[in-house]
Amino acid sequence: MLKDYSIHGEEIHAVITQFDLYQTFESGQCFRWNQMTPNRYMGISLDHVLDVEKREDRFVLRGTDRNTFEEYWMDYLDLKRDYAAIVKAVSVEESISKAAAYGWGLRILLQEEWETMISFILSSNNNVKRIKNLVEGLSHKYGRPIQYGGRTLYTFPRPEELQGVTCEDLAPVRCGYRASYIVDAVEKVMGGRVDPKTLRSLSYQEGIRKLMEIKGVGPKVADCIFLYGAGKYESYPVDVWVKRVTESIYMKRDATAAEIKKRADDLWGDLAGFAQQYLFYYARENNLKTGEII
DNA sequence: CAGCAGGACGATC
DNA sequence: GATCGTCCTGCT
Ligand SMILES: [Mg+2]
């Protein structure tokens with residue numbers, strides 16, 4: 001967690017425990033963070049840019065200011081949470097304990113609702129590399145340019161900026177059949193049928209049901225949006241990796257997504273989302289196969 | 001060139 | 001309410 005920070009000209013120097021840049025930004029939860037050097041990542045959310053460098057004794061943050069750091073990035077990076085306590089709490093058994101120790105510096109980002117919604121609609125039936133390309137393409141075409149450090153970044157387009165777009169308009173983005181899903185999401189949000197800003201006030205069941213009204217949002221994508229865009233940590237998104245690893249460790253049989261989510265709820269309850277993040281990261285980094293145990 | 005990876009939808013039972 | 005074929009693209 002955030003222990004201390006101070007302003008040094010254009011830089012903010014912060015002492016943060018349990019924070020690893022690679023683990024956090026390469027764990028499949030976000031698509032707009034890029035590694036600049038092994039110890040440095042740059043990302044954008046809304047119209048905020050953040051440039052984070054890990055040093056020996058501190059993190060150096062650039063591209064932001066005190067107010068934006070305190071009012072936006074602090075929550076986005078979940079810096080007030082004690083992840084050492086999270087690791088302990090989810091470690092109910094040997095395999096998850098190993099996975100959580102392995103992902104000791106993971107943090108679950110609290111991302112902006114609308115951006116999370118569209119990003120995870122694009123994520124369905126895709127891998128991270130391609131998702132990043134799609135989100136980048138959409139932002140380049142419909143977002144606004146921002147200059148930082150001699151380069152141009154593009155904001156993720158707001159609903160108003162996508163209002164009226166058609167599948168044909170989206171063809172250059174190369175998102176395939178997901179184009180119609182984007183169109184539907186824009187219509188539902190602009191029409192008020194779905195309100196990203198009230199998502200966080202909904203219960204788990206209400207939120208998932210509401211999100212699934214959008215075309216292209218099924219159980220897995222809804223869980224991702226609710227977990228990463230609303231901080232609903234009882235969510236347990238079941239993708240192929242989490243399915244495999246949960247089945248092989250905790251069920252020892254083929255199971256449906258609903259059965260897997262129930263098992264996760266029994267094991268971790270309101271912290272299931274954190275457990276999912278550790279298991280996913282471990283499984284994917286180690287290319288775990290069906291039946292393999294951690 | 002073929003095969004494969006990755007979730008949601010819609011038809012069908 | 002569960003199962004299954006199909007969708008789209010990029011990589012191997
Ligand atoms: Mg839906």
Side-chain angles (χ1 to χ4, degrees), chain A residues 26-32 34 111 114-142 162 165-189 193-194 199 204-205 207-230 232 235-248 251 253-265 272-273 276-277 279-292:
Chain A
E26 308 285 359
S27 55
Q29 61 177 319
C30 55
F31 309 109
R32 303 220 66 196
N34 292 303
Q111 302 174 68
W114 163 255
E115 297 187 359
T116 309
M117 211 179 270
I118 300 301
S119 296
F120 280 94
I121 286 173
L122 291 174
S123 83
S124 89
N125 223 16
N126 270 151
N127 56 52
V128 174
K129 184 179 179 188
R130 191 156 97 91
I131 301 161
K132 287 180 77 168
N133 279 333
L134 297 180
V135 171
E136 223 41 56
L138 186 69
S139 301
H140 192 271
K141 188 165 167 61
Y142 293 102
L162 289 174
V165 293
T166 63
C167 292
E168 299 79 72
D169 295 332
L170 290 168
V173 179
R174 302 193 61 73
C175 56
Y177 57 80
R178 298 161 199 82
S180 68
Y181 300 162
I182 303 292
V183 170
D184 184 64
V186 172
E187 282 172 358
K188 288 214 164 70
V189 169
R193 297 272 296 109
V194 174
L199 193 57
Y204 182 75
Q205 292 301 336
I208 295 295
R209 192 165 358 99
K210 175 56 70 179
L211 286 167
M212 284 181 49
E213 288 178 16
I214 300 170
K215 284 181 204 153
V217 178
K220 192 274 182 179
V221 170
D223 262 336
C224 285
I225 297 169
F226 222 30
L227 177 58
Y228 305 123
K232 295 293 180 179
S235 303
Y236 193 80
V238 180
D239 75 325
V240 294
W241 295 95
V242 169
K243 174 174 158 62
R244 279 201 285 263
V245 74
T246 311
E247 281 174 349
S248 54
M251 309 183 78
R253 65 178 175 86
D254 193 69
T256 66
E259 291 172 324
I260 291 167
K261 285 161 63 67
K262 174 66 167 63
R263 187 77 181 100
D265 184 46
Q276 178 269 163
Q277 202 65 23
L279 291 171
F280 174 84
Y281 179 69
Y282 188 97
R284 206 169 72 103
E285 287 293 308
N286 295 285
N287 202 10
L288 239 58
K289 306 294 187 203
T290 305
E292 269 192 83

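Residue numbers begin at 1 in each chain, while the letters A, B, ... track the order of the sequences.
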Side chains of A:Thr166 and A:Asp169: donor-acceptor distance under 3.5 Å anywhere?
yes

Does the side chain of A:Ile214 reach to within under 4.5 Å of the side chain of A:Tyr181, using non-hydrogen atoms?
no

Is a side-chain donor or acceptor of A:Gln29 paired with a backbone partner of A:Gln111 at a separation under 3.5 angstrom?
no

Checking the side chain of A:Arg178 only, and the main-chain atoms of A:Gly216 only, is there a donor and an acceptor separated by less than 3.5 Å?
no

May I ask you to check whether A:Tyr236 and A:Phe280 place their ring centres under 6.0 Å from each other?
no

May I have the distance from A:Ile208 (atom CD1) to B:dA8 (atom C1'), rounded to whole angstrom?
14 Å

Heavy-atom check, side chain of A:Ile118 versus side chain of A:Val135, under 4.5 Å:
no

Select base, sugar-phosphate, or nothing to describe what A:Leu134 touches, counting heavy atoms under 4.0 Å on all strands.
nothing

Is A:Trp241 close enough to B:dA5 that one of its side-chain N or O atoms is under 4.0 Å from OP1 or OP2 there?
no

Check: A:Thr246 and A:Val238 side chains under 4.5 Å, non-hydrogen atoms
no

I'd like to know if the side chain of A:Glu213 and the backbone of A:Val194 have a donor-acceptor N/O pair within less than 3.5 Å.
no

Chi angles and distances behind the side-chain contact (heavy atoms from CB on, under 4.5 Å) call for A:Gln276, A:Asp223:
CA-CA 11 Å; A:Gln276 178 269 163; A:Asp223 262 336; over 6 Å; no

Expressed in angstrom and rounded to an integer, what is the separation of A:Lys132 atom NZ from B:dG6 atom C1'?
17 Å

Interatomic distance, A:Ile214 CD1 vs B:dC9 C1' [rounded to whole Å]
15 Å

Rounding to a whole Å, what distance do you find between A:Asp239:CG and B:dA8:C1'?
14 Å

Contact state string [nucleotides 7-12 of chain C, B base, S sugar-phosphate only, - no protein heavy atom under 4.0 Å]:
BBSSS-

Axis bend over the full length of the helix from B:dA2-C:dT12 to B:dC13-C:dG1, computed from five pairs that close each end, to 10 degrees
40°

A:Ile182 has an atom CD1; how far is it from atom P of B:dC9, in whole Å?
13 Å

Quick one: do A:Asp254 and A:Lys243 make a salt bridge, cutoff under 4.0 Å?
yes

Working for side-chain contact (heavy atoms from CB on, under 4.5 Å), residues A:Phe31 and A:Thr116:
CA-CA 9 Å; A:Phe31 309 109; A:Thr116 309; over 6 Å; no

Report each atom pair, protein N/O against N/O of nucleotides 10-13 of chain B, whose distance is under 3.5 angstrom.
none

